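Down below is the structure, laid out as structure tokens.
First listed ligand is number 1; within each ligand, the first listed atom is number 1. On a predicted model such as this, the values are computed, not experimentally measured, just so you know.
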Amino acid sequence: MIIKGATTVNGSGSLKADIRIRGEKIAEIAPDLVPDEGEEIIDAEGMLAIPGGIDAHTHFDMPCGDIMTSDDFYYGTRAAVAGGTTSIIDFSEPEQGTSLWNGLERWHEKADGRSFCDYGFHMTVSRYDEKLEDEIRGMTENGVTSFKAYTAYIGDLGVTDRDMYRILRLIKKYDGLLLIHCENGGILDERRDELGEKDPKNISNHPLSRPNEVEHDAVSRLIDMAKLLDTRVYIVHTSTEEALSEIEKAKKEGVKVFCETCPHYLLLTDDKYGEGGFEAAKYVCSPPFRKAKDNEALLIGIKEGIVDTISTDHCSFNFKGQKDLGKDDFRKIPNGIPGVENRVELMLTYSEKNGIPLNDTVRLLSENPAKIFGLYPKKGVLAKGSDADIVLVKKEAHSISAETQYQKVDYNPYEGTVVDYKVQHVFLRGHQIVKSGKVDEEKLLGQFLIRNTSVK
Ligand code: URP
Ligand code: ZN
Ligand code: ZN
């Protein structure tokens with residue numbers, strides 16, 4: 001098969017060239033390829049061909065108290081491919097009191113045979129004991145080379161500073177990478193209860209309970225641990241100017257810290273929490289949306305190369321029947337918003353409007369996550385020998401709407417936002433899984449990604 005006439009865009013540069021696919025791999029990229037007899041041709045004149053998006057932060061089929069996220073692997077990965085993402089890395093969680101093996105088995109049960117895109121797992125670590133070392137080694141031997149810990153959610157997934165330090169030391173020993181949700185759990189729990197007891201129905205209390213300082217404290221602590229242990233850390237969903245400047249300083253000092261942000265911290269602000277009464281529950285996620293000055297700082301962070309990746313933290317809960325569990329108390333609103341379907345189109349549009357070169361955008365959406373999470377050059381680049389994960393995008397303005405989305409959730413936080421790019425055709429390992437914007441639902445071809453530990 002030949003994809004003809006597109007502008008091929010990689011992190012390193014662009015070229016108007018044809019792409020030949022043989023089996024599941026890219027066989028050749030060159031201008032004016034001559035088709036073999038009978039070879040299928042996809043007309044991509046006027047389109048961009050970008051490497052399949054990699055969303056390194058999703059929560060599919062995730063328990064939250066008595067409920068589950070509305071998107072499981074079937075619906076979540078269907079939305080992912082519709083939006084130009086061909087690999088996701090999801091957070092697997094062991095049940096309380098069990099080993100990491102429980103998390104791995106459970107997540108394979110949820111994902112295997114039910115995924116439209118390729119998928120890997122980051123393993124959540126919420127305890128430290130003498131058995132953990134064997135489990136961490138076991139995970140890395142089974143393709144799970146990254147781990148997740150929380151400084152928030154004390155009493156559930158959160159770990160103490162001492163355990164965080166020990167976990168980080170162990171992960172370093174096995175050349176893994178720790179991702180950290182950075183919010184000081186003690187401070188935020190106290191503020192939440194203080195505010196919640198006085199005025200539980202006021203959703204503006206959500207951002208007030210977890211202000212910028214709460215993120216900054218946890219980020220700077222993690223960076224110091226990374227420094228002391230001379231190891232790498234990956235800060236998920238960076239949302240504030242203060243956290244970003246801490247990361248920038250650390251990078252300049254040579255600390256190996258990776259910085260992720262999400263579209264909602266670039267495009268939305270905390271004004272949403274004071275508008276529309278309980279409708280504001282649609283935007284409750286952690287960290288919360290911030291001020292315009294934080295969005296602007298993150299944009300500068302992208303331009304200066306401080307931000308390494310843009311993932312979604314897709315964690316969808318229906319407004320009716322799930323978010324409304326917190327109707328009388330903002331503390332009971334399940335935290336999280338959807339986004340996996342919209343990331344690529346939103347970020348191509350945002351980048352163009354804000355003067356971010358297209359190649360840099362491709363690096364943030366695909367090449368960097370591939371390198372950081374041990375998938376490069378199989379993924380993250382359009383090159384001879386790489387997986388033929390290819391997204392063809394055309395310039396076409398359209399509005400984001402819950403009514404037309406694949407995500408299985410009853411709203412969209414970007415409702416009405418006009419994006420200037422539209423995903424047309426998507427290939428996963430050479431198989432066309434999206435044709436003219438429609439997912440081929442026969443093609444449940446996603447495979448588990450056995451990842452190594454190489455980083456950029
Ligand atoms: O609000 C969010 N982000 N929910 C998902 C879990 C997490 O903290 O990443
Ligand atoms: Zn988080
Ligand atoms: Zn998350």
What protein heavy atom sits nearest [atom], and how far off is it?
atom	result
atom 4 (N) of ligand 1	N335 O, 3.3 Å
atom 1 (O) of ligand 1	S286 N, 2.8 Å
atom 6 (C) of ligand 1	H59 NE2, 3.6 Å

Exercise for review: Determine the sole option in I54, I88, D55 for which the side chain to side chain contact (heavy atoms under 4.5 Å, CB included) test with S311 is passed.
Suggested key: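 That would be D55; it is the only one of I54, I88, D55 passing the side chain to side chain contact (heavy atoms under 4.5 Å, CB included) with S311.
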Identity of the N, O or S atom of [X] lying closest to the Zn ion (ligand 3):
X	result
H57	NE2
D313	OD1
H59	NE2

Exercise for review: Before signing off on this row, confirm whether Y150 and ligand 1 have an N or O atom pair separated by under 3.5 Å.
Suggested key: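 No; the residue has no nitrogen or oxygen that sits under 3.5 Å from a nitrogen or oxygen of the ligand.
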Practice item. Heavy-atom contacts with H57 under 4.0 Å: which atoms of ligand 1 show up? List them by number with element. Key: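 It comes down to these atoms of ligand 1: 9 (O).
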Check your understanding: What are the atoms of ligand 1, with element, lying closer than 4.0 Å to any heavy atom of C315?
Key ->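 In order of numbering, the contacting atoms are 4 (N), 5 (C).
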Review point. Between Y376 and K371, is there a cation-pi geometry (under 6.0 Å to ring centre, at most 45° from the normal)?
Key: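 Here K371 passes the 6.0 Å and 45° test against Y376.
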Point to revise | Distance under 6.0 Å and angle within 45° of ring axis: K110 vs F73 | key: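 Geometry flag: not set, cation outside 6.0 Å or 45°.
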Check your understanding: Taking the N/O/S atoms of H181 one by one, which is nearest to the Zn ion (ligand 2)?
Key ->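 In H181, the N, O or S atom with the shortest distance to the Zn ion (ligand 2) is ND1.
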Exercise for review: Could you check Y283, F289, F278 and say which one makes a ring-ring contact (aromatic ring centres under 6.0 Å, His included) with Y273?
Suggested key: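 Going through Y283, F289, F278 one by one, the ring-ring contact (aromatic ring centres under 6.0 Å, His included) with Y273 is satisfied by F289 alone.
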Practice item. State which residue, out of H237, H264, H122, fulfils the ring-ring contact (aromatic ring centres under 6.0 Å, His included) condition with H57. Key: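 Exactly one pass, corresponding to H237.
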Point to revise | Aromatic plane relationship, F258 with Y234 - under 30° parallel, 30 to 60° tilted, over 60° perpendicular | key: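 If you compare the ring of Y234 with that of F258, the planes turn out tilted.
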Practice item. Measure the acute angle between the ring planes of H108 and F121, then classify it against the limits of 30° and 60° as parallel, tilted or perpendicular. Key: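 H108 and F121: perpendicular rings.
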Check your understanding: Does K332 NZ have over 12 foreign heavy atoms under 6.0 Å away?
Key ->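 Incorrect, the count does not exceed 12.
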Point to revise | Selected option - heavy-atom contact closest to atom 3 (N) of ligand 1, from L157, I337, D313 | key: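 Selected option, by shortest heavy-atom distance: D313.
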Exercise for review: Tell me whether the centres of the aromatic rings in F116 and Y74 are closer together than 6.0 Å.
Suggested key: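 Ring-ring flag for F116/Y74: true, centres closer than 6.0 Å.
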Point to revise | Sub-4.0 Å heavy-atom contact, F91 with ligand 1 | key: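 Under 4.0 Å: no for F91.
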Review point. For ligand 1, is H237 a contact, meaning one of its heavy atoms is under 4.0 Å away?
Key: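 It does; at least one heavy atom falls under 4.0 Å.
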Point to revise | Residue part near ligand 1, for C285, under 4.0 Å between non-hydrogen atoms | key: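 For C285, the contact with ligand 1 is made by both the backbone and the side chain.
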